[in-house]
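These figures come from a predicted structure and were not determined experimentally. Numbering of residues begins at 1 and proceeds along the displayed sequence.
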Amino acid sequence: LKFDGEILQDIHSYVPAQEVFHNTAMSSSEDNSPSDEEEEEEEEQQQGNAAWEEWNADTKDEEDELNTLCLFSGKRHASPTDALAFAASEYGFDFRAIRKARDFEFYDCIKLINYIREQVAAERCIHCNETFETRAALLEHMTRQKHFQLPDSPKWDAEVYFSPALEDDALLFGFEEDDDFEEEEESARTAAAAQTRGAGSTSAARAHMPGAHMIPEAADPSTMLAELQARTRYLLAQGAQRDLSQWDPAHASLLQQHLVDTATLIAKLEGLEMGEDGDVQEEVKEKAAAEKGPRSLVVKKDAKKDAFMAAVDEDYFGSYSHFVIHREMISDKVRTNAYRDAIEGNPQLFKGAAVMDVGCGTGILSMFAARAGAAKVYGVDGSAFIAEVAKKGAAANGFAKSEDDVDGTITILQGKLEELEMPFDKVDVIVSEWMGYALLFESMLDTVLFARDKFLKPGGALLPDTATIFMAGVSKEATTIPFWEDVYGFDMSHIGKAVHEDALTTGIVCEVNGDHVATPPVTLRHFDLMTMKQADVNFSVEFHLELPPSSQAQSIYGAVIWFDVDFSKRYCVATPVTMPTGPSSTPTHWVQTLLHFRTPIALATSDIAASTSDKRVGSKEHPATAIVGKVTFTQGTRQRNLDITLEYRGVTDQHEGIVEIVMYNL
């Protein structure tokens with residue numbers, strides 16, 4: 001059922017699937033009197049219906065295909081391929097041709113899609129940046145001026161465009177499908193079109209159905225989950241029906257990559273489907289139906305969305321309302337001694353100063369600052385429970401006359417810092433222990449930067465003031481695989497394989513022995529906390545790992561990530577301090593974050609690596625001399641989490657191995 005070109009309602013809501021097909025197949029016949037030919041057709045149809053029901057029983061979750069929003073209009077399509085084909089035919093924006101002409105890599109495409117989404121949502125031209133009152137005016141301008149072409153300057157090449165501009169954007173999940181399955185989908189469409197011109201048999205409808213059958217209007221988590229589950233089954237079927245050993249290695253790797261990444265998204269969506277934001281999705285659908293027209297590209301934040309994010313914050317702050325986690329942090333001597341030495345070892349910075357402790361917890365850093373001579377310390381914490389604990393600690397140690405004393409040296413303020421009305425204007429020093437696993441998990445850094453911009457005096461100090469993320473390759477011993485190979489003399493490697501599969505979707509927070517680090521570390525990112533912006537936490541950087549000179553060849557099973565923070569001489573002139581968290585340092589409660597490779601890569605130094613071989617680069621028969629690739633950190637759209645994407649391959653001076661891409665969630 002259509003009106004003004006917009007799908008108003010999935011026809012399946014009104015008519016059972018087999019009746020839809022029956023009516024479609026029989027629509028060409030207007031004569032009510034049965035004939036031999038029609039009886040024959042009806043018999044064939046009944047057989048087709050039975051086949052339909054059998055197919056439908058196996059693919060009942062596939063009825064709700066993923067909606068894909070056009071890059072420019074409000075029109076929705078059954079797949080990313082269809083959406084991109086429409087953009088090419090309707091507007092002359094050929095995404096596939098642009099990728100090839102500009103030699104775009106995976107992440108270039110991600111940034112371009114998000115750039116276009118953001119521009120169009122703001123009614124801005126992607127070419128000249130001119131803003132218009134309506135979408136119709138924008139499209140008319142871009143058509144008249146031929147501005148569906150990209151500008152010469154790559155405005156989309158900014159790390160801010162790693163973050164999705166459109167929530168649950170199907171195009172981000174499936175734009176590669178436009179290339180990878182182009183031939184198969186074109187074949188299915190051709191067959192379907194040919195059969196439609198003929199008798200309308202069920203085979204054509206079924207051939208076309210998995211890729212682009214009728215879809216509901218709203219792409220909520222449940223719909224998207226069903227689409228991804230259907231796509232996973234499709235990819236598994238492709239692998240089962242073909243001998244992958246005969247495939248081009250790049251294609252086989254691509255299929256495996258799709259399966260793993262799709263499984264990751266399914267796991268996320270299963271969590272969303274069971275989560276609190278279903279009401280938000282329902283309200284979005286109701287609003288779209290009430291408007292009776294194309295939905296806006298961006299849905300404005302509403303009260304329920306605010307409530308959902310408030311619930312996320314409440315859960316986060318509530319997780320610190322337990323003494324066990326505070327004991328763990330305070331007992332971490334590397335952590336606590338580093339802060340104590342940086343604060344009390346630099347009295348010239350704190351004497352007579354006004355200090356803010358962001359995320360004060362029990363108040364240990366606030367009390368260090370008071371003991372170092374601060375005139376006033378404001379401790380801020382989002383947890384109501386732990387804020388009361390900090391008040392009692394300040395009073396018990398003589399920094400306040402009572403728990404309710406606001407005139408003492410230490411005053412504890414409870415609430416989300418961004419929303420509090422502070423009893424002061426500016427402070428001289430901000431201290432905070434904001435770091436999470438792999439440095440950026442928990443997303444507390446944005447609060448510290450907010451405090452810096454709003455409350456720190458010009459020339460004031462932020463401690464720590466720099467942070468650096470490192471990565472290195474690890475041997476098999478860094479993983480749990482060896483443990484399961486010999487459990488009290490029993491082979492339980494099947495469990496090890498299952499654990500490894502799980503580890504391909506999640507970064508493993510664990511302690512890595514320094515002896516199991518196989519390559520020298522490389523620096524992924526260095527942050528100057530005094531100058532960085534919030535958007536800087538989303539970044540992508542290339543890396544190069546190789547063995548130290550004269551090392552024995554060995555297989556690399558993954559990468560380990562850690563960080564250091566510094567209280568540098570910029571502010572801590574008397575006593576600068578570095579706090580390391582690496583595998584070769586004293587263990588901290590942050591330990592390290594381990595990212596498992598899908599397939600280990602054999603690595604050797606250039607003097608012993610085979611120069612030529614018909615085996616895969618990175619295999620034991622043809623070891624690589626380096627592992628190269630790109631790592632991307634992205635703050636999760638649900639906040640308080642972190643996505644790390646690793647793109648890597650083994651290389652030699654003359655050959656390159658298969659590119660692997662794995663996305664890990666923390």
Side-chain angles (χ1 to χ4, degrees), residues 103 105-107 244-245 247-258 260-261 469-479 481-482 496-497 500-501 503-504 507-508 512-524 540-562 583 592-632 644-664:
D103 196 24
E105 296 182 357
F106 177 82
Y107 296 106
L244 296 188
S245 65
W247 276 31
D248 179 273
H251 290 164
S253 173
L254 191 60
L255 173 62
Q256 188 178 33
Q257 168 201 320
H258 271 287
V260 173
D261 292 348
I469 303 176
F470 301 95
M471 186 176 78
V474 297
S475 64
K476 182 179 181 179
E477 288 71 27
T479 73
I481 295 174
K497 291 178 181 178
H500 178 258
E501 287 300 314
L504 290 176
I508 306 301
V512 175
N513 190 314
D515 294 337
H516 302 156
V517 176
T519 72
V522 295
T523 299
L524 296 183
S540 183
V541 61
E542 295 182 349
F543 66 86
H544 182 108
L545 299 174
E546 57 184 24
L547 296 175
S550 304
S551 298
Q552 295 294 319
Q554 62 175 306
S555 293
I556 307 302
Y557 276 71
V560 58
I561 291 177
W562 71 92
Q592 290 84 39
T593 300
L594 183 61
L595 309 178
H596 287 68
F597 286 174
R598 184 175 288 121
T599 305
I601 296 179
L603 206 56
T605 54
S606 57
D607 56 327
I608 62 174
S611 58
T612 60
S613 173
D614 58 355
K615 301 296 183 181
R616 174 180 62 87
V617 175
S619 63
K620 290 184 179 180
E621 297 82 4
H622 191 186
T625 55
I627 300 173
V628 300
K630 185 182 295 183
V631 61
T632 300
I644 303 176
T645 304
L646 196 61
E647 177 183 338
Y648 61 95
R649 67 185 184 277
V651 299
T652 67
D653 290 341
Q654 301 177 3
H655 302 91
E656 293 187 356
I658 297 173
V659 176
E660 302 272 14
I661 302 177
V662 185
M663 184 173 71
Y664 312 86

Apply side chain to side chain donor-acceptor pair (under 3.5 Å) to T632 and list each qualifying residue two or more places apart in sequence or on a separate chain.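 For T632, the residues satisfying side chain to side chain donor-acceptor pair (under 3.5 Å) (neighbours in sequence not counted) are S540.
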
Taking side chain to side chain donor-acceptor pair (under 3.5 Å) as the definition, give me every residue that meets it alongside K476, ordered by chain and number, with sequence neighbours left out.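 For K476 the side chain to side chain donor-acceptor pair (under 3.5 Å) partners, ignoring immediate neighbours, are E485.
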
Measure the [atom1]-[atom2] distance between [X] and [Y] for me, rounded to the nearest 0.5 Å.
{"X": "I644", "Y": "I469", "atom1": "CD1", "atom2": "CD1", "result": "8.0 Å"}
{"X": "T593", "Y": "I508", "atom1": "OG1", "atom2": "CD1", "result": "9.5 Å"}
{"X": "L524", "Y": "F470", "atom1": "CG", "atom2": "CZ", "result": "9.0 Å"}
{"X": "M471", "Y": "L545", "atom1": "CE", "atom2": "CG", "result": "5.0 Å"}
{"X": "H544", "Y": "I627", "atom1": "NE2", "atom2": "CD1", "result": "9.5 Å"}
{"X": "M663", "Y": "L646", "atom1": "CE", "atom2": "CG", "result": "12.5 Å"}

Between [X] and [Y], which heavy-atom pair has the shortest distance, and what is it?
{"X": "E477", "Y": "P482", "answer": "CA-CG, 4.1 Å"}
{"X": "T625", "Y": "L603", "answer": "C-CD1, 3.7 Å"}
{"X": "I601", "Y": "A624", "answer": "CG2-CB, 4.2 Å"}
{"X": "A604", "Y": "A553", "answer": "CB-CB, 3.8 Å"}
{"X": "P623", "Y": "K620", "answer": "CD-O, 3.5 Å"}
{"X": "P521", "Y": "A472", "answer": "CA-CB, 4.0 Å"}

Report the residue from Y648, Y557, Y664 that forms a ring pair (Phe, Tyr, Trp, His ring centres under 6.0 Å) with F597.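 So, applying the ring pair (Phe, Tyr, Trp, His ring centres under 6.0 Å) to F597 and each of Y648, Y557, Y664, only Y648 qualifies.
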
Using side-chain heavy atoms (C-beta onward) and a distance below 4.5 Å, is L595 in contact with V662?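 L595 does not reach V662 side chain to side chain.
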
Is it the case that the side chain of [X] and the backbone of [Y] share a donor-acceptor pair, with hydrogens and angles ignored and the cut-off at 3.5 Å?
{"X": "Q592", "Y": "V512", "result": "yes"}
{"X": "T519", "Y": "G473", "result": "yes"}
{"X": "R598", "Y": "I661", "result": "yes"}

Kindly determine whether T599 and E660 satisfy side chain to side chain contact (heavy atoms under 4.5 Å, CB included), including the steps that lead there. CA-CA 9 Å; T599 305; E660 302 272 14; 3.9 Å; yes

Should V659 and E647 be marked as a side chain to side chain contact (heavy atoms under 4.5 Å, CB included) after you check the CA-CA gap, both sets of side-chain angles, and the distance that decides it? CA-CA 7 Å; V659 176; E647 177 183 338; 3.8 Å; yes

Suppose we screen for side chain to side chain contact (heavy atoms under 4.5 Å, CB included). Which residues come up paired with E656, at least two apart in sequence or across chains?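 By the side chain to side chain contact (heavy atoms under 4.5 Å, CB included) rule, E656 matches R649, V651.
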
What orientation do H655 and H622 show, parallel under 30°, tilted 30 to 60°, or perpendicular over 60°?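 The arrangement is perpendicular - the two ring planes meet at more than 60°.
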
Quick one: do H500 and T479 satisfy side chain to side chain contact (heavy atoms under 4.5 Å, CB included)? Show the steps, please. CA-CA 9 Å; H500 178 258; T479 73; over 6 Å; no

